[in-house]
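Both backbone and side-chain heavy atoms feed into the values below; hydrogens, waters and symmetry mates do not. In the text below, chain A, chain B and the rest are named by the order of the sequence lines, each starting its count at 1.
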Amino acid sequence: MNFWLFKTEPDDCSIDDLAAAGGTGLPWDGIRNYQARNFLRDEVQEGDRVLIYHSSCAQVGLAGIARVIRGSYVDPDQFDPNSSYYDSKATADNPRWYCVDIAFTHKFSRVIRLAELKNRPELASMVLLRQGRLSVQPVSSQEWGVITKLAGTVS
DNA sequence: GCCAACGTTGGC
DNA sequence: GCCAACGTTGGC
């Protein structure tokens, strides 16, 4: 069982949207970055836990927790010319992009702000703080522990 | 809206 | 394979 952080713009899909989707969860699709794709395709597995990060919004930071309920499968949007995630170079025989399904588990009682994460020496090595522009990234079990403690959540 | 930091593309 | 030009992410 591994830990991850997924970024999302809450205007697009927020922790509340995930909660509204219930146990069926939502496909985490539209990832079009190779490094993120490789994590999704090769490493993210059913049962893994996911921190939900809200980006490009008023309250940037960690909003809650989800669980992977379906491991990697081919992202169908890449074949749909009407989708903004369409990729003309992807074929059924040779798909480029993958997604997973996740379901809501927990919403933090407050957003743990990016600034707060930056202030924590224990979190200095978080991928989030060291590398920009990566929307799917690993989280260590130690970092997970620090963060859930900050959130006042045991999960 | 600005802009820094990165990723991708494409000419050579 | 290098690297300049360009596009995107994402905090502020």
Side-chain angles (χ1 to χ4, degrees), chain A residues 2-21 25-44 48-68 72-102 104-140 142-144 146-153:
Chain A
N2 288 310
F3 300 110
W4 304 96
L5 182 152
F6 288 3
K7 290 183 186 173
T8 179
E9 300 187 14
D11 286 350
D12 189 31
C13 176
S14 70
I15 190 73
D16 292 329
D17 294 330
L18 262 178
L26 293 171
W28 208 258
D29 53 11
I31 300 296
R32 297 292 182 269
N33 164 286
Y34 287 106
Q35 204 181 347
R37 188 279 311 268
N38 292 345
F39 283 130
L40 277 187
R41 185 189 59 189
D42 305 333
E43 296 191 48
V44 177
D48 285 356
R49 319 296 305 279
V50 181
L51 289 168
I52 301 300
Y53 178 87
H54 284 176
S55 67
S56 300
C57 59
Q59 290 216 322
V60 170
L62 296 167
I65 296 172
R67 175 190 301 275
V68 179
S72 80
Y73 60 100
V74 172
D75 182 343
D77 292 346
Q78 66 195 301
F79 307 123
D80 177 3
N82 296 317
S83 168
S84 53
Y85 298 125
Y86 177 65
D87 184 340
S88 61
K89 292 176 183 160
T91 64
D93 284 346
N94 199 6
R96 275 191 174 184
W97 308 111
Y98 291 78
C99 58
V100 300
D101 290 353
I102 66 173
F104 175 83
T105 18
H106 193 90
K107 181 181 178 178
F108 295 151
S109 56
R110 63 188 178 89
V111 172
I112 306 176
R113 303 284 216 112
L114 177 59
E116 189 176 349
L117 300 174
K118 286 179 177 169
N119 279 338
R120 290 273 157 184
E122 319 91 282
L123 299 178
S125 57
M126 271 191 88
V127 176
L128 179 71
L129 305 181
R130 303 184 70 87
Q131 180 182 348
R133 312 185 52 186
L134 183 60
S135 56
V136 171
Q137 54 181 258
V139 172
S140 76
Q142 180 205 353
E143 290 157 359
W144 183 274
V146 171
I147 287 160
T148 49
K149 200 171 164 189
L150 274 180
T153 305

Name every donor-acceptor pair, under 3.5 Å, that has one atom in a side chain of residues 112-126 of chain A and the other anywhere in the protein, sequence neighbours excluded.
unit_1   : atom_1 : unit_2   : atom_2 : d
A:Glu116 : OE1    : A:Arg110 : NH1    : 2.9
A:Glu116 : OE2    : A:Arg110 : NH2    : 3.2
A:Asn119 : ND2    : A:Ala115 : O      : 3.4

When the distance from [atom1] of [X] to [atom2] of [N] is rounded to whole Å, what number comes out?
| X | N | atom1 | atom2 | value |
| --- | --- | --- | --- | --- |
| A:Gln35 | C:dT9 | CD | C1' | 14 Å |
| A:Arg32 | B:dT9 | CZ | P | 13 Å |
| A:Gln131 | C:dT9 | CD | P | 15 Å |
| A:Leu134 | C:dT9 | CG | P | 13 Å |
| A:Leu129 | C:dG10 | CG | P | 14 Å |
| A:Arg113 | C:dG11 | CZ | P | 11 Å |
| A:Asp12 | C:dG10 | CG | P | 12 Å |
| A:Tyr34 | C:dT8 | OH | P | 14 Å |

Query raised in the report: Does A:Lys7 place a side-chain N or O at less than 4.0 Å from the phosphate oxygens OP1/OP2 of C:dG10?
Result: yes
Query raised in the report: Quick one: on DNA chain B, does A:Lys89 or A:Gly132 contact a more 5' nucleotide (nearest heavy atom)?
Result: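 First, find each residue's nearest nucleotide; the 5'-ward one identifies A:Gly132.
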Quick one: list whatever passes ring-ring contact (aromatic ring centres under 6.0 Å, His included) with [X], sequence neighbours left out.
| X | answer |
| --- | --- |
| A:Tyr85 | none |
| A:Tyr86 | none |
| A:Tyr53 | none |

Requested in this report: Tell me, please, which residues at least two apart from A:Gln59 pass side chain to side chain donor-acceptor pair (under 3.5 Å).
Outcome: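 Listed in chain order: nothing, the list is empty.
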What pairs with [X] under salt bridge (Lys or Arg N to Asp or Glu O under 4.0 Å), at least two apart in sequence or on another chain?
| X | value |
| --- | --- |
| A:Asp12 | none |
| A:Asp80 | none |
| A:Arg32 | A:Asp75 |

Query raised in the report: Between A:Leu128 and A:Lys7, what is the shortest heavy-atom contact and its length?
Result: CD1-CE, 3.7 Å
Report task. Of all the heavy-atom pairs spanning A:Phe39 and A:Leu134, show the shortest one and how long it is. Result ->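 Taking A:Phe39 first and A:Leu134 second, the nearest heavy atoms are CE1-CD2, 4.2 Å.
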**Report entry** Nucleotide-level pairing of DNA chain B, given in dot-bracket where Watson-Crick and G-U pairs need both distances under 3.5 Å and | marks other strands
**Finding:** ||||||||||||
Query raised in the report: side chain to side chain contact (heavy atoms under 4.5 Å, CB included) with A:Pro95: which residues, sequence neighbours excluded?
Result: A:Val74, A:Gln78, A:Phe79, A:Tyr98
Query raised in the report: Counting only non-hydrogen atoms, which of residues 53-64 of chain A are less than 4.0 Å from DNA chain C?
Result: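 Here the set is A:Tyr53, A:Ser55, A:Ser56, A:Val60.
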Report task. Identify whether any heavy atom of A:Glu9 sits under 4.0 Å from a base atom; if not, whether one sits that close to sugar-phosphate; answer base, sugar-phosphate or nothing. Result ->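 It contacts nothing in the nucleic acid.
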Report summary line: Nucleotide by nucleotide, nucleotides 2-7 of chain C touches protein heavy atoms under 4.0 Å in the pattern (B base, S sugar-phosphate only, - none) -----B
